[in-house]
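Take a look at the structure below.
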Amino acid sequence: MDSKFQPQKVEKEIYSFWEENKFFEAKVDKNKKSFSIILPPPNANANLHLGHAMYVYEDIMIRYHKFLGDETLWLPGADHAGFETQYVFEKELQKQGKSRFDYDRDTLYQMIWDFVLKNKSNMENQLRRLGFALDWSREKFTLDEDIVKIVYQTFKKMFDEGLVYRDERLVNYCTHCGTSFSDLEVKYVERNDPLYYLKYGPFTLATVRPETKFADTAVAVNPADKRYKKWIGKEIEVEGLLGNFKMKVIADKAVDPQFGTGVVKVTPAHDFVDYEIGKRHNLQFKIAINRQGRLTEIAGKYQGLPVFKARKIIVEDLQKKGLIVRIDEKYTHRVATCYKCGQTLEPQLMPQWFVKIKPLSREAIKAVKEKKVVFVPRRFEKMALWWLKNFHDWNISRQIVWGIRIPAYKCRKMSNDKCQMANGWFVSIGKPDKCENCGSREFDQDEDTFDTWFSSAQWPFATLLTQNGDSKLEILNSKKIQNNFFNYFYPTSVMETGYDILPWWVCRMLMVGLYVTKNVPFKTVFLHGLVRDKKGQKMSKSKGNVINPMEMIDKYGADALRMALVFGIKEGSDQSLSEEKIIGMRNFANKVWNIARFIYINRQVQRQKSKSKDNNLELKIVQKLKKEFKEEKEKYLKLMNSYRFSQALGLVNKFLWRRLADFYIEQLKEPLKDGNIKTLEVLKKVYFENLKMLHPFAPFVTEAVWKIFKGKDQSILKENL
RNA sequence: GGAUCCUUAGCUCAAUGGUUAGAGCGUUCGCUUGACGUGCGAAAGGUUGGAGGUUCGAGUCCUCCAGGAUCCACCA
């Protein structure tokens, strides 16, 4: 045995051994309890980061349940990550001086496909390097044909049952990225913008966006505001940059009399509050800003100017005309920006597909309240319920190429009532040859693709259902489902992921999973926190404080990194990680190795020593060790069963190092020298049991030691606790 | 404006109402002990943010205050 544990020498070989011997492959075994986890599919567009390494919790649970004798499944996958990936890819294109507009749809799609496939296999190998006990034979990709087919069927089911609808409404749109988003993708940032007080007919009103005034279709005041009561319902004459115009005065409760002057110009097509007011009062929706973020023809001579430039010029012109009363330069407010590129979002009136949330969230809330899904730590249940109650209808249309194209078709003819009722739209799972409503052969497929999360929301049941080669949702209602792979592992045991995607993913999986399968997709939700740097700051490339997990594995071994992510933290809370901490855990792995080395060397000594009767006595201190171990194990099981992994690791760490090595081995050195067989036996037994207990956290060193003692073809994974 | 979390050793954090509040890293002193210097032995370091309360017992539960973090919300 080497005097030091050298992970670099054994990790690769050990992982291949596990994989070749199919230790991670799950099958249906009615005599065993099933335990299943679906890996949150990493985006197939980049290297793994520490957030992915946090999935070590899943490996801990899987390996622990293997020891309990359960039939385990940990199903890996990859996410095409629609918009995210297209964004990353476009940046690559930019470096080559190209843009996505240089290619047609099919070419661009193929280019991204190649890019993703390369990254996907890279990502998979990195998961292997972390030692994850994933069943690679079950791996799925969100763009696999059978998965796409499931996604289509879900969409069709929703469409047929009225849960998905097409509507033209105001959506969050990024003119730089060229796509709309759901509410969740909007990032609000505090910003300082001048607040302009404009002369508006007989009123003065405050606005930060004078450039939208060409699309004003009313002026609103609060119905209770006495100052303006007499104007309500009247029409006022306003002097503008493009000449005088008339404007109706309306009363709406959304207007805060305390803000500004208590008078608001209403621009229903460019502001969410105004949109609501516009709908309530049946106002006209005039469009002043187009998809490129430039003013439209209704802006007259300002047409074609980009928003910010237009604002500047318009303010100057308003000032020249004496229409600006004053400017509040100190005004701060929250602005909706694109979470990806950071540009201010431009609300746009667009026809999009929406998922009706209420009927879905109602069932999800019920399931949570009935504890069909349990949250760990418990506080996240409150968060989940809050989200489920507050979701708006979900915009699932994205104006991008990379992703699953929406299988909705618009008929050009609409030659019967049914077709007209549907506004020409129909949904088809396969390629249609005629309009499903009127039979016309002229129709066009929607250009848009699904929000990635729409497919992710179906991930647990989609990945399991397709394992038997089935990709039809009908099977859920048939007898065929019984005893098959899906039924055995669904609902999955645990959904483990970062708390930051609770609304994006966990809640949506719950809603859609319940809707399609009539069952929760997982029984327990275990959420982990963010990894920060050693000063508690967020890791980011610009700060230069990013720790690369693969680099750490190269230097200190996977076990060290894994334990550093779990040791001494509270599950569900953010944590600080430093290279020093990883080194500390590397030292622990080495300690584990060296206890083995001590036993190994003494085993050889034993053989040479005489076998007098005295040497078979069980010493008092050995009895004490046995007792202490028994207590340790009981505590360990309790902690593991209640998801307190950090405490469990701390327990084993303390026992092996502080007690077994520092205390017992030191005390027992003399008897061992004398060849006391009983002592060595107990020492070995206790140590091996602890190896099993440590294995979920540090799979490599424990397996390496196991093989040294038991033989190359043996594995700790064949053991039970 | 709401919600959640946090404030414990020099730093980063643990501790499920119950011995003397722990760990990792750092600091000081000593150890060429045949498992390991990636180690061993010893030591310093704490009024658990503040004030009340509940309890036989509070870092932990309750109320208030101070400070910090994150998420959410349509103040133009």
Side-chain angles (χ1 to χ4, degrees), chain A residues 1-6 170 183-184 186-188 193 195-198 205-210 212 216 219-220 254-267 270-277 331-334 336 347 377 379-380 382-383 385-387 390 392 499-500 502-503 529-530 532-538 556-557 560 563-564 567-602 605 638-639 642 644 646-647 649-651 653-654 657-658 661-662 665-666 669 672-673:
Chain A
M1 267 182 98
D2 292 332
S3 69
K4 291 187 182 94
F5 174 52
Q6 289 169 282
L170 212 53
D183 296 341
L184 294 181
V186 179
K187 185 161 173 58
Y188 290 91
D193 279 316
L195 182 63
Y196 304 98
Y197 283 78
L198 307 185
L205 57 76
T207 180
V208 283
R209 303 202 62 184
T212 62
D216 295 349
V219 166
V255 181
D256 178 2
Q258 307 297 320
F259 187 90
T261 58
V263 186
V264 190
K265 67 187 199 64
V266 184
T267 324
H270 296 290
D271 180 278
F272 286 95
V273 180
D274 294 7
Y275 176 78
E276 292 300 325
I277 296 176
Y331 179 66
T332 57
H333 62 152
R334 280 161 53 89
R379 65 188 153 92
F380 289 116
K382 243 183 258 173
M383 292 292 299
L385 284 172
W386 187 90
W387 277 107
N390 289 284
H392 297 305
Y499 68 74
D500 52 328
L502 178 69
L530 271 57
R532 297 165 177 278
D533 76 358
K534 62 175 157 188
K535 290 180 201 143
Q537 291 186 314
K538 224 172 184 170
Y556 309 113
M563 291 194 283
F567 189 81
I569 66 140
K570 186 158 54 185
E571 287 79 15
S573 296
D574 293 353
Q575 65 164 309
S576 297
L577 184 71
S578 59
E579 190 158 342
E580 289 87 338
K581 191 177 179 190
I582 301 169
I583 292 171
M585 290 298 117
R586 186 271 319 255
N587 295 351
F588 174 52
N590 189 57
K591 190 72 188 177
V592 172
W593 174 266
N594 267 295
I595 297 170
R597 190 154 177 262
F598 176 82
I599 295 172
Y600 193 79
I601 290 167
N602 271 278
V605 172
K638 223 183 208 171
L639 289 168
S642 49
R644 304 187 65 217
S646 185
Q647 292 289 305
L649 174 59
L651 181 78
N653 170 290
K654 191 175 174 182
W657 201 332
R658 303 276 89 99
D662 292 354
I665 287 183
E666 289 305 322
K669 273 183 174 167
L672 285 170
K673 252 186 204 169

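Bear in mind that the values here come from a model prediction, so they are computed numbers and not experimental data. Order of the sequence lines sets the chain letters (A, B, ...), proteins ahead of strands, with each chain counted from 1.
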Would you measure the distance from the P atom in G18(B) across to the matching atom in A58(B) and give it in whole Å?
11 Å
Please state how far atom CG in Leu651(A) lies from atom P in G22(B), giving the value in whole angstrom units.
16 Å
Rounded off to whole Å, could you give me the CD1-to-C1' distance for the Ile601(A) and C36(B) pair?
10 Å
Check every strand shown and say whether Ile665(A) touches a base, only sugar-phosphate, or nothing at a heavy-atom separation below 4.0 Å.
base
Just checking Gly568(A): base, sugar-phosphate only, or nothing, at a heavy-atom cut-off of under 4.0 Å?
sugar-phosphate
What contact category does Tyr275(A) fall into here, base, sugar-phosphate, or nothing, at under 4.0 angstrom with non-hydrogen atoms?
nothing
Distance, rounded to the nearest Å, where Leu530(A) contributes CG and C71(B) contributes C1':
12 Å
Nearest-nucleotide comparison on RNA chain B, the residue closer to the 5′ end among Gln647(A) and Lys669(A)
Gln647(A)
Is it the case that the side chain of Thr207(A) and the backbone of Tyr196(A) share a donor-acceptor pair, with hydrogens and angles ignored and the cut-off at 3.5 Å?
no
Under 4.0 Å between a side-chain N or O of Ser576(A) and OP1 or OP2 of C13(B)?
yes
Whether Lys591(A) contacts C40(B) is assessed here as follows: a side-chain N or O lying under 4.0 Å from the phosphate OP1 or OP2. Is that the case?
yes
May I ask you to say what Ala661(A) touches in the nucleic acid, namely base, sugar-phosphate or nothing, with a heavy-atom cut-off under 4.0 Å?
base
Give me the distance, rounded to whole Å, that separates G50(B) from U55(B) when you measure between the P atoms they each carry.
23 Å
Measure from NZ on Lys187(A) to C1' on A73(B) and round the result to the nearest Å.
15 Å
Which part of the nucleic acid, if any, lies within reach of Trp387(A) when heavy atoms closer than 4.0 Å are counted: base, sugar-phosphate only, or nothing?
sugar-phosphate
Under a 3.5 Å limit for both distances, which nucleotide forms a Watson-Crick or G-U wobble pair with G46(B), could you say?
none
Compare the minimum distances between each of C40(B), C36(B), C72(B) and the side chain of Asn594(A), then state the nucleotide with the smallest one.
C36(B)
For Asp574(A), report the nucleic acid contact type (base, sugar-phosphate, nothing); a contact means any heavy atom under 4.0 Å.
nothing
Whole Å only: how far is the NE2 atom of His392(A) from the P atom of A73(B)?
7 Å
Shortest side-chain distance from Arg532(A), nucleotide among C5(B), A69(B), U38(B)
A69(B)
With sugar-phosphate meaning primed atoms plus P, OP1 and OP2, does Arg209(A) contact a base, only sugar-phosphate, or nothing at under 4.0 Å between heavy atoms?
nothing
Between U12(B) atom P and Lys534(A) atom NZ, what is the distance in whole Å?
11 Å
Considering only the P atoms, how many Å lie between U47(B) and C31(B), rounded to the nearest integer?
33 Å
Tell me whether Gln575(A) contacts the main-chain N or O of Gly529(A) through its side chain, where contact means a donor paired with an acceptor under 3.5 Å.
no
Looking only at atom P, what distance separates U70(B) and C13(B), rounded to whole Å?
13 Å
Are any of Trp657(A)'s side-chain N or O atoms less than 4.0 Å away from OP1 or OP2 of C40(B)?
yes
In this structure, how many angstroms lie between the P atom of G37(B) and the CG atom of Asn590(A), rounded?
8 Å
Any strand, both distances under 3.5 Å, Watson-Crick or G-U wobble: U32(B) pairs with none
Looking at every strand, decide which applies to Ser642(A) at a 4.0 Å heavy-atom threshold: base, sugar-phosphate, or nothing.
base
Look at the side chain of Trp593(A) and the backbone N and O of Met1(A), then say whether any donor-acceptor pair between them is shorter than 3.5 Å.
no
Check every strand shown and say whether Tyr188(A) touches a base, only sugar-phosphate, or nothing at a heavy-atom separation below 4.0 Å.
sugar-phosphate
When you get a sec, tell me which of A14(B), A23(B), U4(B) is the closest nucleotide to the side chain of Lys570(A)?
A14(B)
Quick check against the 3.5 Å criterion: does Asp574(A) have a side-chain atom that pairs as donor or acceptor with the backbone of Leu530(A)?
yes
Does Arg658(A) make a side-chain N or O approach to OP1 or OP2 of G24(B) shorter than 4.0 Å?
yes
Val255(A) near the nucleic acid: base, sugar-phosphate alone, or nothing, with a heavy-atom cut-off under 4.0 Å?
base
Kindly point out which of U70(B), G37(B), C75(B) is positioned nearest to the side chain of Phe259(A)?
C75(B)
For the side chain of Arg586(A) and the base of U38(B), is some donor closer than 3.5 Å to an acceptor across the two?
yes
Quick one: on RNA chain B, does Gly260(A) or Val186(A) contact a more 5' nucleotide (nearest heavy atom)?
Val186(A)
Using atom P in both nucleotides, what's the gap between G45(B) and A23(B) to the nearest angstrom?
15 Å
Could you measure between the two C1' atoms, the one in G24(B) and the one in C62(B), and give it in whole Å?
34 Å
Pairwise C1' distance for G39(B) and U32(B), with rounding to whole Å
12 Å
Could you please name the partner base of U60(B), counting Watson-Crick and G-U wobble pairs only when both distances are under 3.5 Å?
none
If U38(B) has a Watson-Crick or G-U wobble mate with both distances under 3.5 Å, name it; if not, just say none.
none
OP1 or OP2 of U70(B) versus the side-chain N and O atoms of Tyr499(A): is any pair under 4.0 Å?
no
Return the pairing partner of U7(B) with a 3.5 Å limit on both distances, Watson-Crick or G-U wobble; otherwise return none.
A66(B)
Distance check, rounded to the nearest 0.5 Å: Lys654(A) atom NZ versus Leu649(A) atom CG?
13.5 Å
Span that lies between the C1' atom of U33(B) and that of C25(B), in whole angstrom:
26 Å
Any side-chain N or O of Asn587(A) under 4.0 Å from OP1/OP2 of G39(B)?
yes
Separation of Phe5(A) CZ from Asn587(A) CG (nearest 0.5 Å)
12.5 Å
Counting just side-chain N and O atoms, does Lys581(A) come under 4.0 Å of either OP1 or OP2 of C13(B)?
no
Expressed in angstrom and rounded to an integer, what is the separation of Phe380(A) atom CZ from A3(B) atom P?
18 Å
Distance (rounded to the nearest 0.5 Å) between Asn590(A) CG and Ile583(A) CD1:
13.0 Å
Should the pair Tyr499(A) and Phe380(A) be assigned to parallel (<30°), tilted (30 to 60°) or perpendicular (>60°) ring geometry?
parallel
For the pair Ser646(A) (side chain) and Ile569(A) (backbone), establish whether a donor and an acceptor sit closer than 3.5 Å, ignoring hydrogens and angles.
yes
Looking at A73(B), which nucleotide sits across from it as a Watson-Crick or G-U wobble partner, both distances under 3.5 angstrom, or is there none?
none
